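What's counted below: heavy atoms across the whole structure, side chains too, no hydrogens, waters or symmetry copies. Computed from a predicted model, the values in this text were never measured in an experiment.
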Amino acid sequence: MNPTQVQKNTKRSWTTRRDAKRARKEELSRMTTGKVIPAEHMVEALETLIKPGDRVVLEGDNQKQASFLSEALSKVNPEKVKRLHMIMSSISRPEHLDVFERNIAERIDFAFSGPQSLRVAQMIEDENITVGGIHTYIELYGRLFIDLIPNVALVAADQADSRGNLYTGANTEETPTLVEAAGFRDGIVIAQVNEITEELPRVDIPGSWVDYIVEVDKPYQLEPLFTRDPRHISEIQILMAMMAIRGVYEKHHVQSLNHGVGFNTAAIELLLPTFGEELGLKGKICKHWALNPHPTLIPAIESGWIESIHCFGGEVGMEKYIEARPDAFFTGPDGTLRSNRTLSQLAGQYAVDMFVGSTLQMDRDGNSSTVTSGRLAGFGGAPNMGHDPGGRRHATPAWSNMITSDDPLARGRKLVVQMVETFQSGNEPVFVESLNAVQVGKDAKLDTAPVMIYGSDVTHLVTEEGVAYLYKTDSLEERRAAIASIAGVTPIGLERSAKQAEQLRRDGIIAYPEDINIKRTDAKRSLLAAKNVEELVQWSDGLYEPPAKFRSW
């Protein structure tokens, strides 16, 4: 029999996934009116729609949570719904792990678990959960279209109409990516919404992508994770911010960038209208950002430093301010922010000159991780933005400034800056001989150690001691010496040689504050454009409405 005959004689259905979806929806038809599932029937609906062994993607990034749906999933009968493979950007809520303790789910792939990191570590030790992998955001999103295609997607939106069109408002974030991965591979898409109404401000996700909606009586959980109160910025952090502006931003003409969230980067944002202005840098640095709408950016926006900001997500309290500043933010005709976590991650990976982040531990080679003993936090998007993407081809002054060779084929490099104090809270040294992540990876039976940013990608290191220009080093030994020279009195710092440090200074591989014309005594809180949240509100003309926990007046 020849291959053509085999092909003609073989009968095969090419609609198995579509048929399976149709059967699930038919089972549910007795309790739904069109696309609307009554909230009181959601647990029963999930028991009908989700089958044992399904891959379930649950919206739970580090800000926006499909909280009603996650609670409902944790209440299903484990005799009916079991062996689930959960896929979540962030393990943020207790019920995200309750589903494992109740034997509803058994495996998880995720990117971040900050709020639940201690419990995750304990559950791994107790063998209550199997970790498929700790991902970056882009990596996890990408796998949703390759080998982690979801059978069910549970997401959140602000509003829907009866046809299932969704309005996500200022917090679109990862919702379109999750819905598309399921919706176009015959998965079930369920969206919790705060309101069902026939007049939507705009359509962010078309109803043809959505199978069911449920109107809930309590808005989805949204956390102000990117708000930092300037009252808590220390003089050490101000000194580090001054060194970063002078020794990195100005030196390399950085115009497009991403900031991690922390008090040290908040200090930089608040020094632009003061220290940066004194240096005459407005219009020369920090013009284009891939960043959540940090409230500490308000003074820089108001004083004309920032031309554009594309946001991963929204931030509680910034809605009215963003609506009133469409020249700075990406907004819809309705005035609300159009955030997009996937696209902003890609912009942070390929389009910006520089990434500035922090870490909990760094070894002598510059490898770093936020995964420490007893704490499996993951790392979210930092590895996406905190590396030099080999696919980049467009040149900018900062990218080109990283060329250290006369080779005509030499390429530039993205600036990857780690900005850390030498000791973290509790007097724990940041610089260590071996990352805890190595042992944690072994204990969790991960294929590779959960390193956040590899040392080979780090171009600059900033501590309260100085700046190390690691991209200039030409050997591992020299790189280690540069790191040790600004590692303070940590175990790694105590290995430094004063003689070698002086040579590194002469070679321009490390710089102490005085080498870049900064006086340590000038690092005062008086330099901050806003010294508390109340002053941020004043800068915003009253448009910024901080959450109650940030109000002290």
Side-chain angles (χ1 to χ4, degrees), residues 13-29 31-32 34-37 41-61 64-66 68-70 72-74 76 80-89 96 99 104-111 132-133 135 137-157 160 163-166 168 172-193 204-214 220 341-342:
S13 170
W14 290 95
T15 60
T16 56
R17 296 177 65 92
R18 192 162 297 172
D19 295 342
K21 176 176 179 175
R22 184 182 301 112
R24 295 188 192 202
K25 295 183 71 172
E26 286 175 357
E27 284 186 62
L28 192 71
S29 59
M31 69 176 73
T32 62
K35 291 192 173 187
V36 179
I37 299 176
H41 295 317
M42 182 49 65
V43 172
E44 185 181 357
L46 293 179
E47 291 173 344
T48 303
L49 292 170
I50 301 176
K51 303 303 179 184
D54 272 354
R55 292 194 194 103
V56 178
V57 60
L58 173 61
E59 182 160 27
D61 60 44
K64 175 186 176 186
Q65 307 289 325
F68 172 82
L69 290 173
S70 64
L73 182 62
S74 71
V76 299
K80 297 180 179 179
V81 181
K82 53 191 173 183
R83 302 194 310 278
L84 299 185
H85 182 168
M86 300 301 300
I87 305 166
M88 285 185 278
S89 293
H96 290 172
V99 295
I104 295 165
E106 63 181 17
R107 185 178 181 87
I108 190 165
D109 282 271
F110 71 102
H135 303 70
Y137 285 128
I138 290 295
E139 180 184 14
L140 189 62
Y141 298 153
R143 290 190 68 189
L144 292 177
F145 295 88
I146 303 298
D147 63 332
L148 290 180
I149 300 169
N151 302 100
V152 178
L154 306 175
V155 301
R163 296 175 299 282
N165 295 307
L166 301 182
T168 53
T172 299
E173 306 190 14
E174 65 183 10
T175 316
T177 302
L178 306 185
V179 171
E180 185 164 337
F184 286 86
R185 198 75 169 96
D186 297 309
I188 301 285
V189 176
I190 306 173
Q192 69 169 79
V193 297
D204 290 304
I205 297 174
S208 59
W209 298 14
V210 179
D211 295 292
Y212 298 107
I213 53 177
V214 54
Y220 56 77
R341 193 168 297 279
T342 306

>> Could you tell me if K64 and T168 have a donor-acceptor pair between their side chains, going purely by distance under 3.5 Å?
In response: no
> Atom CD1 in I213, atom CZ in R163: separation rounded to 0.5 Å?
Replying inline: 10.0 Å
> Among all residues two or more places apart in sequence or in another chain, which pass the side-chain hydrogen bond (donor to acceptor under 3.5 Å, both in side chains) test with Y220?
Replying inline: D158
> Between L58 and S70, what is the shortest heavy-atom contact and its length?
Replying inline: CD2-CB, 3.7 Å
>> Is it the case that the side chain of R55 and the backbone of H85 share a donor-acceptor pair, with hydrogens and angles ignored and the cut-off at 3.5 Å?
In response: no
>> I need the single residue from I37, V76, I188, L28 that forms a side-chain contact (heavy atoms from CB on, under 4.5 Å) with L46. Which is it?
In response: V76
> Taking atom CD1 of I87 and atom CZ of R107, what is their separation to the nearest 0.5 Å?
Replying inline: 10.0 Å
>> Could you report the tightest heavy-atom contact between V210 and Y212, atom names first, then the distance?
In response: CG1-O, 3.5 Å
>> Please list all pairs meeting salt bridge (Lys or Arg N to Asp or Glu O under 4.0 Å) that have one or both residues in residues 172-185, counting only residues at least two apart or in different chains.
In response: E173-R341
>> Taking salt bridge (Lys or Arg N to Asp or Glu O under 4.0 Å) as the definition, give me every residue that meets it alongside R24, ordered by chain and number, with sequence neighbours left out.
In response: D54
> So, for G60 and Q65, which heavy atoms are closest and what is the spacing to 0.1 Å?
Replying inline: CA-OE1, 3.3 Å
>> I'd like to check the side-chain hydrogen bond (donor to acceptor under 3.5 Å, both in side chains) partners of T48; sequence neighbours left out, ordered by chain and number.
In response: none
>> I want to check something: taking the side chain as every heavy atom from C-beta on, are I190 and M42 in contact at a cut-off of under 4.5 Å?
In response: yes
> How far does CD of Q192 sit from CG of L154, to the nearest 0.5 angstrom?
Replying inline: 9.0 Å
>> Once salt bridge (Lys or Arg N to Asp or Glu O under 4.0 Å) is applied, do any residues pair with D204, and if so which ones, sequence neighbours excluded?
In response: R202, R338
> What pairs with D186 under side-chain hydrogen bond (donor to acceptor under 3.5 Å, both in side chains), at least two apart in sequence or on another chain?
Replying inline: R18
>> The criterion is ring pair (Phe, Tyr, Trp, His ring centres under 6.0 Å); which residues satisfy it with F184, sequence neighbours excluded?
In response: W209
> How far does CE of M31 sit from NE2 of H41, to the nearest 0.5 angstrom?
Replying inline: 7.0 Å
>> Once side-chain hydrogen bond (donor to acceptor under 3.5 Å, both in side chains) is applied, do any residues pair with N165, and if so which ones, sequence neighbours excluded?
In response: D161
>> Could you report the tightest heavy-atom contact between D19 and S13, atom names first, then the distance?
In response: OD2-OG, 4.0 Å
> Can you list the residues that meet the salt bridge (Lys or Arg N to Asp or Glu O under 4.0 Å) rule with E139, with sequence neighbours excluded?
Replying inline: none
>> Using 0.5 Å steps for rounding, measure from the CG atom of L73 to the CG atom of L69.
In response: 8.5 Å
> Who are the side-chain contact (heavy atoms from CB on, under 4.5 Å) partners of S208, not counting sequence neighbours?
Replying inline: P206
>> Are V152 and L49 packed together at the side-chain level, in the sense that at least one heavy-atom pair is separated by less than 4.5 angstrom?
In response: no
> Of all residues at least two apart in sequence or in a different chain, which pass the side-chain contact (heavy atoms from CB on, under 4.5 Å) check with T342?
Replying inline: I138, Y141, T177, N340
>> Which heavy atom of V43 sits nearest to which heavy atom of A72, and what is that distance?
In response: CG2-O, 3.8 Å
> Once you round to the nearest 0.5 Å, how far does CZ of R143 lie from CG of L148?
Replying inline: 4.0 Å
> Of all residues at least two apart in sequence or in a different chain, which pass the salt bridge (Lys or Arg N to Asp or Glu O under 4.0 Å) check with K21?
Replying inline: D211
> Which heavy-atom pair separates K35 from G207 by the least distance, and what is that distance?
Replying inline: NZ-O, 2.6 Å
> Does A156 offer a backbone N or O that forms a donor-acceptor pair with the side chain of E59 under 3.5 Å?
Replying inline: yes
